[in-house]
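Taking it in order: structure first as structure tokens, then the write-up.
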Amino acid sequence: MTSAVPLPPAPPTAGAARPRRRRRGLLVTLIVIPLVLVVAVVAAGGIWFASNSARATPPAPGAVEFRTPLAIPALAPSRVEDGVRVFELSADESATTFRDGRSTPTLGYNGSYLGPTLVAARGERVRVDVANHLDRSTTVHWHGMHLPAAMDGGPHTPIAPGATWHPEWQIDQPAATLWYHPHLHGLTREQVDAGLAGMFLLRDDEEASLALPRDYGVDDIPVIVQDRSFNADGSFAGSIGMQFDGVLGDTILVNGTAAPYLDVTTERVRLRLLNGSSARMYDFAFADGREFDLVASDGGLLEAPVASTSVPLSPGERAEIVVTVEPGERVALRSNAPDPALHAGSSSFDVLELRAAASVVPSPEVPGQLAALPAPDAADAVVERSFVMSGHNINDRQMDLGRADFTATVDTSEVWTVRNANPLPHSFHVHDTQFRVLSVDGSPPPARLAGLKDTLALEWNREYRILVRFEDYADPATPYMYHCHLLWHEDQGMMGQFLVVEPGQRPELKRPEGDSDDRHDH
């Protein structure tokens, strides 16, 4: 019979060393992991900054040969039915030739690329019959329009393939340059960049009484500015890669025209500038530094013209300028490098050439007074809110179609503080309302921001206080949106939603269940 033989005791040093090694390993781990995280963050930042330093850049100023007449979007036809002005839009798949004779797959409204210009007057009731001929759902958002939430065209009102949507509302806001584009959550950039966008111009008696250029296509010109890059086969290059802000292009398109020129036959011409790009910031100026009159911002006329030599616009923003030309001259509309505080690139490039005729028709001087705009008064604001843009989040939250981030009460005003917490470009757009800027970093806003606005470029750590009013429309079930208008950011979830309700009314927001036809054909 054998008996168990006890193992000899381990040397004291061996037994004492093991706990020390575990503790030392733990300390190394606690030090190394944060260092790895820091290195990863720095590397990610380096990748972002490297990608932005190598981002697609249009040709340098003076390098573009302007060889193509600027296309002017057609005015959308309309009819009046029972006192309602009716437009028809169809979202279609097509192809367009932009350059070098190569065909590019595109989307368009009532055509191959972009869409017609809709025009309506204040006080009119309008309906737009929107037919979706695409192979996937879409929406149409009326950017800058004051209208019921169910007609706003956000992600809660998708139009299924083969379906038609019939939004109808009363125009009740000042004359302005608005626009329309898709707003389907997660696919907005893809559909807008493919070509789904157009202008919606509002008229009113106040604007009509002023001596401003308004002969559409002659001295009143839509200028939809976009940047695109092309693959070798002619298709749009749409890869996001590591760029934080989204797709940037090396070719500037104006109304879908590459290297465009505009024949000018009048002494003064009104340019309705729209930054229709999904990510690029612009700072519009003229190559010779000439002064022009800024007469309107997003929501309509300013109180008085602002003598300017440049006007910056982030994606979604609009501005109306009136520029004077001399007979026979040529001058390029250019984008200067954006404000460095936006961290949005450092390049300048030409956009559009104005070619004045040998003899131009005289134009009246721009009026010294334009619109009655009472100073914004926050005294009656019922709520103050704060919005911090960071990464692809707003207030550390991502978009959730089933969540109302807050509820506002109809016929009340609120003060919102908006700030970009990143050294990266962001913008801020609010649906339905035209807000007023109260202050920028505690100081009065510059004159270009003193009018009606719905979109703002946000520089790093610059604080904007805005006065937002919710008028006329309450709906406990259908929300409005607020979001970054860099469309890649929006698609990544940098968006929130709010309901406007009657006093005491309970919110009833529900997540959309699908895109069945019976939800759209009514």
Side-chain angles (χ1 to χ4, degrees), residues 58-75 98-99 114 117 177 199 201 207 210-227 251-276 282-296 302 304-313 318-337 347-368 370 448:
V64 174
E65 180 185 351
F66 296 101
R67 62 185 183 274
T68 310
L70 177 68
I72 305 296
L75 290 173
F98 294 101
R99 61 179 196 178
L114 298 180
T117 298
T177 299
M199 278 195 177
L201 307 185
E207 188 274 341
L210 298 172
L212 290 172
R214 66 173 54 81
D215 189 354
Y216 182 84
V218 178
D219 63 0
D220 186 354
I221 310 297
V223 181
I224 303 173
V225 184
Q226 303 166 298
D227 61 327
T251 301
I252 299 298
L253 302 178
V254 183
N255 300 345
T257 310
Y261 66 85
L262 173 68
D263 286 322
V264 179
T265 59
T266 57
E267 182 183 8
R268 292 182 178 84
V269 62
R270 179 183 193 172
L271 303 179
R272 297 178 183 262
L273 303 174
L274 160 62
N275 182 346
Y282 298 91
D283 188 6
F284 292 105
F286 287 94
D288 59 2
R290 73 180 57 194
E291 194 171 81
F292 54 84
D293 287 308
L294 174 65
V295 297
L302 299 172
V306 178
S308 307
T309 55
S310 69
V311 55
L313 295 179
R318 290 89 63 211
E320 298 178 30
I321 68 173
V322 177
V323 59
T324 302
V325 299
E326 297 290 335
E329 73 171 344
R330 294 187 178 188
V331 63
L333 177 67
R334 175 172 293 173
S335 177
N336 293 327
S347 59
S348 299
F349 47 85
D350 291 333
V351 174
L352 165 70
E353 185 176 70
L354 303 187
R355 297 181 178 179
S359 176
V360 294
V361 177
S363 304
E365 295 277 348
V366 174
L370 297 172
R448 66 180 178 83

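Numbers here simply count residues along the sequence, with the first being 1. These numbers come from the heavy atoms of this one structure, side chains and all, not from hydrogens, waters or symmetry mates.
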Show, in sequence, the C-alpha distance, side-chain angles and deciding distance for T265 and V360, and conclude whether the side chain to side chain contact (heavy atoms under 4.5 Å, CB included) test is met. CA-CA 5 Å; T265 59; V360 294; 5.8 Å; no

Mind checking what makes side-chain hydrogen bond (donor to acceptor under 3.5 Å, both in side chains) contact with D227, not counting sequence neighbours? S277, R280

Partners meeting salt bridge (Lys or Arg N to Asp or Glu O under 4.0 Å) with D350 (sequence neighbours left out): R334

Quick check: closest heavy atoms across A319 and L294, and the distance to 0.1 Å? CB-CD1, 3.8 Å

Are any of the side-chain heavy atoms of D263 and P69 separated by less than 4.5 Å? no

Taking atom OG1 of T257 and atom CZ of R67, what is their separation to the nearest 0.5 Å? 11.0 Å

Is it true that atom CD of E329 has more than 12 heavy atoms of other residues, nucleotides or ligands lying nearer than 6.0 Å? yes

Just verifying a value: how many Å separate D215 CG and T266 OG1, rounded to the nearest 0.5 Å? 8.5 Å

A358 versus P327, closest heavy-atom pair with distance: O-CB, 3.2 Å

Can you list the residues that meet the side chain to side chain contact (heavy atoms under 4.5 Å, CB included) rule with A304, with sequence neighbours excluded? Q369

Those residues that, when tested against R99, pass salt bridge (Lys or Arg N to Asp or Glu O under 4.0 Å) (two or more places apart): none

For the residue pair L212 and P367, establish whether any side-chain heavy-atom pair is separated by less than 4.5 Å. yes

Interatomic distance, OG1@T309 vs CG@N336, rounded to 0.5 Å, equals 8.0 Å

Taking only residues two or more places apart in sequence or in another chain, which ones pass ring-ring contact (aromatic ring centres under 6.0 Å, His included) with Y216? none

Do side-chain atoms of N275 reach the backbone of L313 as a donor and acceptor pair under 3.5 angstrom? yes

Partners passing side-chain hydrogen bond (donor to acceptor under 3.5 Å, both in side chains) against R214 (at least two apart in sequence or in another chain): E207

Under the 3.5 angstrom rule, does the side chain of D293 hit a backbone N or O of V295 as a donor-acceptor pair? no

CD1 (I72) and CD1 (I224) are apart, to the nearest 0.5 Å, by 9.5 Å

Who are the side chain to side chain contact (heavy atoms under 4.5 Å, CB included) partners of T324, not counting sequence neighbours? E267, R268

Taking salt bridge (charged side-chain N to carboxylate O under 4.0 Å, His left out) as the cut-off, I'd like each qualifying pair that reaches into residues 319-328, sequence neighbours left out, listed once. R270-E320, R272-E320

Could you tell me whether a side-chain N or O of S348 sits under 3.5 Å from a main-chain N or O of A337, the two making a donor and an acceptor? yes

Spatial distance of atom CZ (F292) from atom CG (L333) [nearest 0.5 Å]: 8.0 Å

Can you tell me how far the CG atom of L273 sits from the CD1 atom of I221, to the nearest 0.5 Å? 11.5 Å

All side chain to side chain contact (heavy atoms under 4.5 Å, CB included) counterparts of V64, not counting sequence neighbours: P59, F66, A259

Do S310 and F284 have side chains that approach each other closer than 4.5 Å (heavy atoms only, starting at C-beta)? no

Please identify each residue that fulfils side chain to side chain contact (heavy atoms under 4.5 Å, CB included) with S335, with sequence neighbours left out. Y282, F349, V351

Smallest heavy-atom separation, V331 atom then A287 atom, equals CG2-N, 4.3 Å

Sequence neighbours excluded, which residues qualify as side-chain hydrogen bond (donor to acceptor under 3.5 Å, both in side chains) partners of R355? E353

Heavy-atom closest pair (V325 atom, A356 atom, distance to 0.1 Å) is CG2-CB, 3.9 Å

Is there a side-chain contact between V269 and P213 (heavy atoms, below 4.5 Å)? no

Could I get the full list of salt bridge (Lys or Arg N to Asp or Glu O under 4.0 Å) partners for E291, not counting sequence neighbours? none

Just by distance, do the side chain of N255 and the backbone of L70 share a donor-acceptor pair under 3.5 Å? no

